[in-house]
Amino acid sequence: LYAAHRLKIKLHPFQHIMLYLIGVSQVFFAICSRGLSKSFIVALAAIIKACLYPYSEIVITATTIKQAEKMVRNKMERELCKKLSPVLKYFYDTGQIKFSYNKEEVRVDFLFNDSWIIVAPAVDSARGERATLLIYEECRLLKKGIIDSVFEKMAHPRQAMFMNDPKYSGDERWMEECQSVYITSARFKSEWFW
């Protein structure tokens, strides 16, 4: 609903279903053939999460920073913020959504609510970040050991400000668990992600 009615992005019915499932699932897994817009949908889901949930910390990982950077540069910045959504274009043009690229980090900052998205390579040295949403781009190429020992350890609940109110603090039902989104192109059932 947010993508269609607030961001004004025209989507196909299956894309609405994918976005809905990402939104309500603790773990979402999409095994799709080429051209099915999986990177686009996951990029849109990350932007929606960052916009709707202040203080969101989103980490995108792939086998190389270059591969995950393509999702940020091509899908998030060029398509979503510059072309497809007048709302995101306004945020982008006024500097409320800021993209920064350098050799060591690719980052998107949502200055209006302190959410951010970063790209981290799937290596041991990526330890130390925190995340409320983890996105694994082309997960079939990632090593299961790195996912388990480095990235799943980043998961923590979002620090929502309303949780500081005594009325809500300590009530477990308001705690948001970290979400994980895996996307990959179809391969063999012998691979770890099956």
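None of these values were measured; they are calculated from a predicted model.
The minimum heavy-atom distance between S56 and K49, with the atom names listed, is OG-O, 3.4 Å. Heavy-atom minimum distance, F14 versus L36: CE1-O, 3.6 Å. When all heavy atoms are compared, the tightest approach of L44 to A3 is CD2-CB, 4.1 Å. Pairing each heavy atom of L88 with each of C51, the nearest pair is CD2-SG, 4.3 Å. In this structure, Y55 and S115 approach most closely via the heavy-atom pair N-OG, 3.3 Å. Minimum heavy-atom separation, P86 to L7: CD-O, 3.7 Å.
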Exercise for the section: Quick one: do I97 and L111 satisfy side chain to side chain contact (heavy atoms under 4.5 Å, CB included)? Show the steps, please. Expected result: CA-CA 6 Å; I97 295 178; L111 302 176; over 6 Å; no

Handout entry: Evaluation steps, side chain to side chain contact (heavy atoms under 4.5 Å, CB included), between M71 and V42
Key = CA-CA 9 Å; M71 179 192 288; V42 171; 4.2 Å; yes

Exercise for the section: Begin with the C-alpha distance, continue with both residues' side-chain angles, and end with the deciding distance and a verdict on side-chain hydrogen bond (donor to acceptor under 3.5 Å, both in side chains) for S39 and E137. Expected result: CA-CA 8 Å; S39 294; E137 168 80 10; 3.2 Å; yes

Practice task
For the pair E79 and K75, evaluate salt bridge (charged side-chain N to carboxylate O under 4.0 Å, His left out) and give the outcome as yes or no after the intermediate values.
Solution key: CA-CA 5 Å; E79 286 184 38; K75 304 301 179 195; 3.4 Å; yes

Handout entry: Step-by-step side chain to side chain contact (heavy atoms under 4.5 Å, CB included) determination, I47 to Y2
Key = CA-CA 11 Å; I47 285 179; Y2 186 79; over 6 Å; no

Handout entry: Evaluation steps, ring pair (Phe, Tyr, Trp, His ring centres under 6.0 Å), between F91 and F112
Key = CA-CA 9 Å; F91 287 148; F112 56 90; 4.6 Å; yes

Practice task
Under the side chain to side chain contact (heavy atoms under 4.5 Å, CB included) rule, what do L133 and V59 come out as? Steps first, then yes or no, please.
Solution key: CA-CA 6 Å; L133 172 61; V59 175; over 6 Å; no

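Seen from the ring of Y101, R73 counts as a face-on cation partner, given the 6.0 Å and 45° thresholds. For the pair K89 and Y92, the cation-pi criterion (under 6.0 Å, within 45° of the ring axis) is not fulfilled.
With hydrophobic clusters built from ILVMFWY side chains whose heavy atoms lie under 4.5 angstrom apart, I22 does not share a cluster with L1. When hydrophobic clusters are built by joining Ile, Leu, Val, Met, Phe, Trp and Tyr residues whose side-chain heavy atoms come closer than 4.5 Å, directly or via intermediates, I135 is grouped together with L52.
Summarising the geometry, atom CD belonging to Q26 is positioned 7.5 Å from atom OG belonging to S180; distances are rounded to the nearest 0.5 Å. Remark: I183 CD1 to F28 CZ distance equals 9.0 Å, nearest 0.5 Å. The CZ atom of R6 lies 8.0 Å from the OG atom of S85; values are rounded to the nearest 0.5 Å. Taking CD of E129 as the start and CD1 of I58 as the end, the distance is 13.0 Å to the nearest 0.5 Å. Within the model, atoms OH of Y136 and OG1 of T184 stand 14.0 Å from one another, a figure rounded to the nearest 0.5 Å. Here L134 contributes atom CG and T61 contributes atom OG1; the two are 9.0 Å apart, rounded to the nearest 0.5 Å.
Residues L142 and R140 form no side-chain contact, since every pair of their non-hydrogen atoms from C-beta on lies 4.5 Å or further apart. Residues Q96 and Y90 meet the side-chain proximity criterion, which asks for heavy atoms closer than 4.5 Å. Contact of the S37 side chain with the Q15 side chain is registered, since non-hydrogen atoms from C-beta on lie closer than 4.5 Å.
Counting non-hydrogen atoms of neighbouring residues, nucleotides and ligands closer than 6.0 angstrom, the NZ atom of K83 reaches no more than 12 such neighbours. Annotation for Y53: atom OH does not count as buried by contact number, only 12 or fewer foreign heavy atoms lying within 6.0 Å.
Looking only at distances, no side-chain donor or acceptor of E105 sits under 3.5 Å from a matching main-chain atom of I118. The backbone N or O of F99 sits nowhere less than 3.5 Å from a side-chain atom of D109 that would complete a donor-acceptor pair.
A donor-acceptor pair shorter than 3.5 Å cannot be found between the side chains of T132 and E57.
When each of K70, R78, E77 is paired with N74, the side-chain hydrogen bond (donor to acceptor under 3.5 Å, both in side chains) condition holds for R78 and for no other.
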